[in-house]
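Encoded as C-alpha cells, the structure appears first; notes follow it.
Read the numbers this way: they start at 1 and go in the same order the structure lists the ligands and their atoms.
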Amino acid sequence: MRILEARPELGGQLAALYPDRRVYDVPASPAAYAGEVVDALLRQLEPFDIDLRLGEVARSLEPNGDGWTVGSDQARYPAGAVILAAGLGALLPRPASVPGLHTDWPTPGLMVPESAWVQGGVPQATRAALELAEGGTRVTLSHRRALFRGTPGQLRRLEAFRQSGQIKVHAPVEAGFTAAAEATWHLNGYLPDLSPVLGWPLGWQGEYVPADASGQTALPGVYVAGDLSAAGGDFKLISVGFAQAAMCANHAAHFLRPELKVRPGHSSDWRLPERPERLA
Ligand SMILES: Cc1cc2nc3c(=O)[nH]c(=O)nc-3n(C[C@H](O)[C@H](O)[C@H](O)COP(=O)(O)OP(=O)(O)OC[C@H]3O[C@@H](n4cnc5c(N)ncnc54)[C@H](O)[C@@H]3O)c2cc1C
C-alpha cells in the first residue's frame, strides 16, 4: 500500500487547519482535539507496511494495462487500484510575500538553526516555535494580531518559553516589523488546490466525484472516499469519510483479488501480531 500526501505530514484538514480545535462527533474520541484524533489514527496505522510519500502531489492517472499509473513530480507509481481521498484538494501552504522563507511546518530536512523567526498566528506557527525552542533554537515569534492558536497545553508551553526568554513573542506587530534570524518561517495557513486531479476523467459533478455504492468511480478500480465523494452530499464529516474509506478499501481488495470476499468480517476475530507481515 502506498499513500501520496501533498503536505509534509498526514492528517488532512484536521492537522493542517484545526489541530487545536475540539471535535465532538468522532466516534470513541469524545471532545478530543483534532490533532489528538490524527495522533490516534497514526497509531492505528503503525502495524501496516505503508510506502508513505509525503510532500508529493498526485498529478496524473493513466491506464497501464494491469491497472493504473499515478504520477507525481517525483515518480510514477503502478497501482492495481486507486483510492482518491483528496478532500478539498491538496493543502498547499500560502506562499510568502518574500521568496526563500519556509512556508510549512514540519519542515523536511530541517537543520536545527541557532536562531529562528517564526511569523504567523496559525497552529503551525505555535507548533514550529515550540518544537524549535525544544530543540534549543532561540525563537522570535511574531504575528500581526495578539493571538496565537494552539491547544491549552501548547499555549502553556509557549508562555513558559516566553517567560524563560527562549521564545521572544511580538504581537501585535506592524507590517514593517523585522527580526534578525538564521532561518525564517512565514506560516500563514493553507489553500486547498484541486487542480492536480481535476483533469482526471472521473465524470466530475462540480468539485465532487460521483461513485457507486461501493465507492467506485466511473473508472474501474478507482475509488473515492471522504469530502471529495459526491455520495456524502453535504455531509463533509470525519465519520462519513471513515465509513466510505472502509467500503472503498474492501471493494478495492476484492477488485484486486476476486477470491477475497467483499464482506469484510469483524476485525475482532483477527489474531494479528503487533507488526503483521502483510496487511492488505
Ligand atoms: C475548521 C473545520 C472544522 C471541522 N470540524 C469538523 C468536526 O467537528 N467534525 C467532523 O466530522 N468534521 C469536521 N470538519 C470536516 C472534516 O475535517 C472533513 O470532513 C475531513 O477532513 C475530510 O477528510 P478527507 O480525508 O476527505 O479530506 P482532507 O481532510 O481534506 O484530506 C485530504 C488530504 O489529501 C491531500 N491531497 C489532496 N489532493 C492531493 C493530491 N493531488 N496529491 C497528494 N495529496 C493530496 C491533502 O493535502 C489532504 O491532506 C471540519 C473541517 C474544518 C475545515
Q. Does the side chain of Gln119 come under 3.5 Å of the side chain of Asn188 through a donor N or O and an acceptor N or O?
A.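 No, no side-chain donor-acceptor pair sits under 3.5 Å.
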
Q) Are Tyr190 and Arg7 linked by a side-chain donor-acceptor pair shorter than 3.5 Å? A)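 The criterion, which ignores hydrogens and geometry beyond distance, is satisfied for Arg7 and Tyr190.
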
(Q) Other members of the hydrophobic cluster containing Val240, with the 4.5 Å side-chain heavy-atom rule, please. (A)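 Taking Ile, Leu, Val, Met, Phe, Trp and Tyr as members, Val240 shares its hydrophobic cluster with Phe235, Leu237.
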
Q: Return the minimal non-hydrogen interatomic distance between Ser72 and Glu56, and the atom names on each side.
A: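 Shortest heavy-atom separation between Ser72 and Glu56 comes out as OG-OE1, 2.5 Å.
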
Q. Mind checking what residues have non-hydrogen atoms under 4.0 angstrom from ligand 1?
A.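 Ligand 1 is contacted, at a heavy-atom distance under 4.0 Å, by Leu4, Glu5, Ala6, Gly12, Gln13, Leu14, Leu17, Tyr18, Arg21, Val23, Asp25, Glu56, Val57, Ala58, Ala85, Ala86, Gly87, Leu88, Gly89, Ala90, Leu91, Pro196, Val197, Gly226, Asp227, Lys236, Leu237, Ile238.
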
Q) What residue pairs, at least two apart or across chains, pass ring pair (Phe, Tyr, Trp, His ring centres under 6.0 Å) with a residue in residues 55-88? A)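 The answer is none; no pair qualifies.
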
Q: Please identify each residue that fulfils ring-ring contact (aromatic ring centres under 6.0 Å, His included) with Trp185, with sequence neighbours left out.
A: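 With sequence neighbours excluded, Trp185 shows a ring-ring contact (aromatic ring centres under 6.0 Å, His included) to His102, Trp105, given in chain and number order.
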
